[in-house]
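All remarks here apply to the structure that follows.
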Amino acid sequence: MSRKMTGTQELLILLGAVIVWLVLWALMTGGPIWADYPWGLVAVVLAAFLYLAPIKRGLLTGIIYLAWLIGIMIFKNGLTMPSFIILAILAGFMTGASALIGSHVVNKNHQKKNFEENALKRQSTLHNLRKV
């Protein structure tokens, strides 16, 4: 029987790959590591971890959207109404990326749990048949 990774394990590998790849890229190009670091990409992956929490998905998505919107507004200088609309759309895309990754992780964990439960049922049924 092959060992399949859970969604959480895949998400941890993705987070590690994002961090290591960007640091290696900065070292290879000779640029500063943390000054130009794309924190938004890391934040998208970290926000996907929130989907593992036992909170209603709609409420969680709204909270993540507001967090993105507030975070973008804090780090953006010279906020005007047209740029606010664009930033609100950007926050929506970032929330969508987090939700996509997070829902994949939740579904993968659910599939693994169902697979293990069914394997135990088959094993106990096979054991009962051998007794007969």
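Note: hydrogens, waters and symmetry copies are ignored here, and every other heavy atom, side chains too, is used. The first residue of the sequence shown is numbered 1, and numbering continues consecutively from there.
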Nearest heavy-atom contact between I64 and A47 is CD1-O, 3.9 Å
*If Ile, Leu, Val, Met, Phe, Trp and Tyr residues are connected whenever their side-chain heavy atoms lie under 4.5 Å apart, and connections chain through other members, are M28 and V18 in the same group?*
no
Residue pair V44 / W68, side-chain heavy-atom distance below 4.5 Å:
yes
**L87 with I63, same ILVMFWY side-chain cluster at under 4.5 Å** = yes
I55 side chain near L50 side chain, heavy-atom distance below 4.5 Å: no
Sorted by chain and residue number, the side-chain hydrogen bond (donor to acceptor under 3.5 Å, both in side chains) partners of S103 (sequence neighbours excluded) come out as none
Rounded to the nearest 0.5 Å, the CE atom of M94 sits from the CD1 atom of I89 at a distance of 14.5 Å
- Do L41 and L46 belong together in a cluster built from hydrophobic side chains that touch within less than 4.5 Å? yes
**Any side-chain heavy-atom pair of I86 and L90 under 4.5 Å** = no
dist L14:CG -> I19:CD1 (nearest 0.5 Å) comes out at 10.0 Å
Original post:
Hey, any chance Y65 and L59 share a hydrophobic cluster, counting ILVMFWY side chains that come within less than 4.5 Å of each other, even indirectly?
Top reply: yes
Residues pairing under salt bridge (Lys or Arg N to Asp or Glu O under 4.0 Å) where one sits in residues 19-31, two or more places apart or in two chains, turn out to be none
One should read off an interatomic distance between L69 CG and F84 CZ, to the nearest 0.5 angstrom, of 5.0 Å
On a heavy-atom basis, the closest approach of Y51 and T61 is OH-OG1, 3.0 Å
So OG of S98 and CG of L60: to nearest 0.5 Å the spacing works out to 9.5 Å
CD of Q9 to CD1 of I13, rounded to nearest 0.5 Å, is 7.0 Å
Closest non-hydrogen contact found for F49 with L15 is CE1-CD2, 4.0 Å
